[in-house]
Chemist: 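First, the structure itself, so that you have it in front of you.
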Amino acid sequence: LLITQYSQTVFASYRINKLERKIQLLNEEQNRLEVEVAKLGSLERIERVAVEELGLQYPDLNQLRLLEARRY
């Protein structure tokens, strides 16, 4: 009985260590992904991609229309 309990304790300890390592790896991946999201979501990058890769451009002044909204 004592050997069985010791064996179960060792196995549980092994699983705990394995799960703690998995948690550590997932936290590292989450941090990496948060940095990547911040980098990809920067306004400078979005503007660069829009202009350089998608060929978008700012409108000319004659393409702009100003609308006036009235409040009641």
Side-chain angles (χ1 to χ4, degrees):
L1 180 64
L2 185 60
I3 293 173
T4 301
Q5 286 181 330
Y6 178 75
S7 172
Q8 289 176 346
T9 302
V10 169
F11 180 73
S13 177
Y14 170 76
R15 282 215 18 117
I16 289 171
N17 288 336
K18 188 175 177 181
L19 291 172
E20 286 175 343
R21 178 66 181 143
K22 187 172 184 177
I23 288 170
Q24 181 183 3
L25 291 173
L26 289 172
N27 283 332
E28 290 172 6
E29 182 179 8
Q30 180 180 4
N31 291 337
R32 184 186 58 78
L33 290 172
E34 286 173 355
V35 168
E36 187 174 350
V37 165
K39 181 179 144 187
L40 293 175
S42 74
L43 295 179
E44 293 83 13
R45 181 191 171 278
I46 292 172
E47 181 179 23
R48 183 184 53 76
V49 169
V51 171
E52 294 176 7
E53 295 180 22
L54 300 177
L56 301 180
Q57 55 187 326
Y58 286 100
D60 294 329
L61 290 178
N62 62 352
Q63 293 176 308
L64 297 177
R65 300 286 183 252
L66 298 178
L67 302 176
E68 195 175 310
R70 294 186 182 182
R71 296 181 125 187
Y72 294 100

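Residue numbers run from 1 in the order of the sequence given.
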Chemist: Between the main-chain N or O of Q5 and the side-chain N or O of T9, is there a donor-acceptor pair closer than 3.5 Å?
Modeler: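 Yes, the answer is positive, given that a donor and an acceptor are paired below the 3.5 Å cut-off.
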Chemist: Please list, chain by chain and in numerical order, all residues satisfying side-chain hydrogen bond (donor to acceptor under 3.5 Å, both in side chains) with Y58, sequence neighbours excluded.
Modeler: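 Checked Y58 against side-chain hydrogen bond (donor to acceptor under 3.5 Å, both in side chains); matches are E47.
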Chemist: Heavy atoms, side chains only, cut-off 4.5 Å: are K18 and R21 in contact?
Modeler: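 Result no, sub-4.5 Å side-chain heavy-atom pair not found.
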Chemist: Could you pull out the closest heavy-atom pair between L64 and P59, with the gap in Å?
Modeler: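 Shortest heavy-atom separation between L64 and P59 comes out as CD2-CG, 3.7 Å.
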Chemist: If every non-hydrogen atom of I46 is compared with every non-hydrogen atom of L40, which pair is closest and at what distance?
Modeler: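 Shortest heavy-atom contact: CG1-O, 4.0 Å.
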Chemist: So with a 6.0 Å cut-off around CD1 of I3, is the heavy-atom count from everything else above 12?
Modeler: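 It does not: I3 CD1 has 12 such atoms or fewer within range.
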Chemist: Residues two or more places apart in sequence or in another chain: which of them pass side-chain contact (heavy atoms from CB on, under 4.5 Å) with R48?
Modeler: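 With neighbours one apart ignored, the set is R45, E52, E53.
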Chemist: Just verifying a value: how many Å separate L26 CG and L19 CG, rounded to the nearest 0.5 Å?
Modeler: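 Nearest 0.5 Å value for the CG-CG distance: 10.5 Å.
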Chemist: Is the closest side-chain heavy-atom distance between E28 and L25 below 4.5 Å?
Modeler: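 With C-beta onward as the side chain, the pair touches.
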Chemist: What residues form a side-chain hydrogen bond (donor to acceptor under 3.5 Å, both in side chains) with Q30, not counting sequence neighbours?
Modeler: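 Q30: side-chain hydrogen bond (donor to acceptor under 3.5 Å, both in side chains) contacts with E34.
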Chemist: Would you say E20 and N17 make side-chain contact, with heavy atoms under 4.5 Å?
Modeler: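 Touching, per the 4.5 Å side-chain cut-off.
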